There are 2 protein chains.
Amino acid sequence: MTKASASQDISPAQCPRPFVTVDLVIFTLREGQLQVLLMQRAVPPFEGMWALPGGYVRPDEDESLDGAAARILGSKTAVATPYIEQLQGFGNARRDPRGWTATFAYFALIASEQLALQSGANAEDVAWHPVETRPVLAFDHDLILRTGLERLRGKVEYTILPAHLLPAKFTLPDLQSVYEQILDRRLDKSAFRKKMADAGLLEPVPGEMRHASNRPSQLYRIRSDATPFLGRTI
Amino acid sequence: MTKASASQDISPAQCPRPFVTVDLVIFTLREGQLQVLLMQRAVPPFEGMWALPGGYVRPDEDESLDGAAARILGSKTAVATPYIEQLQGFGNARRDPRGWTATFAYFALIASEQLALQSGANAEDVAWHPVETRPVLAFDHDLILRTGLERLRGKVEYTILPAHLLPAKFTLPDLQSVYEQILDRRLDKSAFRKKMADAGLLEPVPGEMRHASNRPSQLYRIRSDATPFLGRTI
DNA sequence: GCAATAGTGTCTTTGAGACAGTATTGA
DNA sequence: TCAATACTGTCTCAAAGACACTATTGC
């Protein structure tokens with residue numbers, strides 16, 4: 001029985017390696033619109049164009065891919081606890097003119113109250129752009145952004161992902177409005193509330209209400225033990 | 001306005017790069033069981049242990065990540081047109097004792113009739129193992145396999161993924177049986193057939209029936225223009 | 001005819017949406 | 001009292017499951 005030379009065991013040192021990056025699609029809700037965080041590139045290639053925030057994976061510094069994503073998120077925004085998940089990998093010989101690159105794209109949602117961008121030398125090059133009126137993006141970042149949008153819209157139907165676009169405490173009418181913005185259609189109030197109640201992923205904050213010049217509304221928060229899934233997957 | 005030194009533009013050449021691999025979780029259905037393709041490692045680390053098929057991404061040879069996955073799939077099996085999709089990335093400093101590695105895991109389904117493994121010097125080191133009785137795996141491959149299983153089970157409910165575990169032509173009772181094996185529960189025949197009919201992703205093969213010592217059953221195939229999704233996502 | 005499996009029809013249950021109703025606040 | 005918004009109850013409709021029924025073959 002010959003066990004020699006499985007192809008995965010060519011000596012790694014001989015093998016040219018692709019560049020490995022992490023890119024982030026960070027969504028928020030501002031001014032009633034879904035917006036995405038973009039950076040203006042300072043150097044070639046694509047100098048002056050807008051791109052998703054990202055950076056090289058640094059083996060000497062990053063403990064894991066998730067760690068690299070958290071480092072990059074923290075360097076652009078001052079957000080402590082966003083919702084973040086891996087989106088998809090993109091890698092080929094053409095996406096970066098400097099050579100073969102592979103990127104792990106991540107998908108993050110942050111609340112508009114947490115919007116403070118990281119102060120620093122380059123803060124002015126970081127900006128929120130409405131998704132609908134976004135500029136042309138560098139590299140294949142428009143593809144990555146569209147993939148993130150699909151993930152967001154696809155998951156809205158059966159998760160409470162949109163709750164992460166709101167402050168920690170929010171009302172059900174707030175939340176319904178977020179769903180309506182992302183799905184771009186009106187939802188029935190009664191059905192929406194029944195669905196949320198059945199899912200059991202939210203809990204009322206005892207005694208806390210939001211007051212306006214009308215009937216006050218109950219504040220809710222995401223249950224700490226909640227998985228983000230609705231419906232039969234519970 | 002200072003646009004210098006965006007962190008993603010540290011000169012790539014200065015940056016140590018992780019190893020980049022592609023690993024495959026390849027499922028099939030044999031002997032009424034869900035099975036996964038494994039290879040026995042010929043060299044350290046984890047010499048002699050079983051692992052998922054995989055290999056380094058080769059910038060000089062692979063056009064893209066998908067291309068690398070297809071190359072590796074083709075080198076282990078003689079399968080022409082499997083179902084394959086990207087599963088998830090895994091990367092950290094600890095998963096391979098040789099250093100920081102990142103892998104793009106892929107998920108493939110092939111029909112048992114296409115099972116011919118690639119003949120070659122190492123063919124005897126490639127083998128199908130029932131998922132339930134699999135050996136302990138090298139690296140973090142058990143985590144990757146479990147992630148693949150979750151993807152399979154999670155997608156069964158609303159896709160025709162299981163059809164890719166069958167030959168090109170199959171009967172509805174065949175297909176229902178696959179669903180039942182993966183979900184590990186009985187399904188109602190009437191409801192199952194209605195759901196498949198409504199989805200419109202299958203088409204009968206005109207005039208072709210499977211004969212046995214009972215009423216013959218209609219053969220179906222996946223519609224060539226079909227996306228694999230059922231239900232409201234259509 | 002009989003066993004065996006393919007395929008269909010019908011009833012019931014469940015959940016979502018439509019929509020109208022009631023409740024509670026500030027002004 | 002009124003405007004405004006929060007919240008609830010009820011009706012309808014459609015999809016899904018339970019289950020019994022019919023259909024077609026080999027023997």
Side-chain angles (χ1 to χ4, degrees), chain A residues 32 155-160 162-163 166-167 169-221 229-234, chain B residues 32 155-160 162-163 166-167 169-221 229-234:
Chain A
K155 275 197 160 183
V156 163
E157 295 269 12
Y158 61 99
T159 68
I160 53 166
L166 290 173
K169 299 173 185 177
F170 51 87
T171 67
L172 287 181
D174 286 346
L175 186 59
Q176 182 175 346
S177 164
V178 176
Y179 276 77
E180 289 174 342
Q181 283 179 54
I182 293 173
L183 293 174
D184 197 29
R185 62 185 167 90
R186 299 300 306 275
L187 300 176
D188 180 75
K189 187 170 37 170
S190 175
F192 180 81
R193 298 172 79 97
K194 259 183 287 186
K195 195 170 170 181
M196 289 298 147
D198 290 349
L201 301 176
L202 304 178
E203 61 185 4
V205 187
E208 293 201 45
M209 311 285 281
R210 171 172 306 162
H211 293 268
S213 64
N214 48 38
R215 178 169 172 177
S217 62
Q218 176 66 52
L219 285 168
Y220 287 80
R221 64 182 166 220
F229 295 99
L230 301 176
R232 67 180 59 173
T233 48
I234 294 182
Chain B
K155 274 197 160 184
V156 164
E157 294 270 12
Y158 62 96
T159 69
I160 51 165
L166 290 174
K169 298 174 184 177
F170 50 86
T171 68
L172 287 182
D174 286 345
L175 186 59
Q176 182 175 345
S177 165
V178 177
Y179 276 78
E180 289 173 343
Q181 283 178 55
I182 294 172
L183 293 172
D184 197 29
R185 62 184 168 90
R186 299 300 307 274
L187 300 177
D188 179 75
K189 185 169 43 165
S190 174
F192 180 80
R193 299 174 76 98
K194 260 185 287 187
K195 197 170 170 182
M196 289 298 147
D198 289 350
L201 301 175
L202 304 177
E203 61 184 6
V205 187
E208 292 203 46
M209 313 285 281
R210 172 172 304 162
H211 293 269
S213 65
N214 49 39
R215 177 171 174 176
S217 64
Q218 176 66 53
L219 285 168
Y220 287 80
R221 63 182 167 221
F229 295 98
L230 302 174
R232 67 180 60 173
T233 48
I234 294 183

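In this text the structure is predicted, and so the values were computed from the model without any measurement.
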Colleague: Nearest whole angstrom, please: distance from the C1' of C/dT5 to the CZ of B/Arg210.
Modeller: 12 Å
Colleague: Take atom CE of B/Met196 and atom P of D/dG17, then tell me their distance rounded to the nearest Å.
Modeller: 11 Å
Colleague: Calculate the interatomic distance between B/Tyr179 atom OH and D/dG17 atom P; express it in whole Å.
Modeller: 13 Å
Colleague: For B/Asp174 and C/dG7, give me the distance from atom CG to atom P, rounded to whole Å.
Modeller: 10 Å
Colleague: Rounding to a whole Å, what distance do you find between A/Glu157:CD and C/dA16:C1'?
Modeller: 12 Å
Colleague: Rounded to whole angstroms, how far apart are CG on A/Leu175 and P on D/dA6?
Modeller: 13 Å
Colleague: Using the test side chain to side chain donor-acceptor pair (under 3.5 Å), find all partners of B/Arg210 that sit at least two apart in sequence or belong to another chain.
Modeller: B/Asp174
Colleague: For residues 182-207 of chain B, which residue pairs pass the ring pair (Phe, Tyr, Trp, His ring centres under 6.0 Å) check, not counting sequence neighbours?
Modeller: B/Tyr179-B/Phe192
Colleague: Apply side chain to side chain donor-acceptor pair (under 3.5 Å) to A/Ser177 and list each qualifying residue two or more places apart in sequence or on a separate chain.
Modeller: A/Gln181
Colleague: What residues, two or more places apart in sequence or in another chain, satisfy side-chain contact (heavy atoms from CB on, under 4.5 Å) together with A/Arg186?
Modeller: A/Glu180
Colleague: So, using side chain to side chain donor-acceptor pair (under 3.5 Å) as the criterion, who are the partners of B/Arg193 when residues are at least two apart?
Modeller: none
Colleague: Does the side chain of B/Gln176 come within less than 4.5 Å of B/Val178's, by heavy atoms?
Modeller: no
Colleague: Identify the two heavy atoms, one from B/Arg221 and one from B/Pro206, that lie closest to each other, and give their separation to 0.1 Å.
Modeller: NH2-CD, 4.2 Å
Colleague: Apply side-chain contact (heavy atoms from CB on, under 4.5 Å) to A/Asn214 and list each qualifying residue two or more places apart in sequence or on a separate chain.
Modeller: A/Ala212
Colleague: Taking ring pair (Phe, Tyr, Trp, His ring centres under 6.0 Å) as the cut-off, I'd like each qualifying pair that reaches into residues 194-213 of chain A, sequence neighbours left out, listed once.
Modeller: none
Colleague: If we only count heavy atoms from C-beta on, is the B/Met209 to B/Thr171 side-chain gap below 4.5 Å?
Modeller: no
Colleague: What is the distance, rounded to the nearest whole Å, between atom CG of A/Asp198 and atom P of C/dG17?
Modeller: 12 Å
Colleague: Compare the minimum distances between each of C/dG7, C/dA16, D/dA18 and the side chain of A/Lys195, then state the nucleotide with the smallest one.
Modeller: C/dA16
Colleague: Show me the protein contacts with nucleotides 24-27 of chain C, counting only N or O atoms at under 3.5 Å.
Modeller:
residue : atom : partner  : partner atom : Å
C/dT24  : O2   : A/Arg215 : N            : 3.2

Colleague: Under 4.0 Å, heavy atom to any atom of DNA chain D: which of residues 184-193 of chain A qualify?
Modeller: A/Lys189, A/Ser190, A/Arg193
Colleague: Would you work out how much the helix from C/dG1-D/dC27 to C/dA27-D/dT1 bends between its ends, with each end axis defined by five base pairs, to 10 degrees?
Modeller: 10°
Colleague: Taking side chain to side chain donor-acceptor pair (under 3.5 Å) as the definition, give me every residue that meets it alongside A/Gln218, ordered by chain and number, with sequence neighbours left out.
Modeller: none
Colleague: Using whole Å, what does the distance between atom P of nucleotide C/dA6 and atom CD of B/Gln176 come to?
Modeller: 9 Å
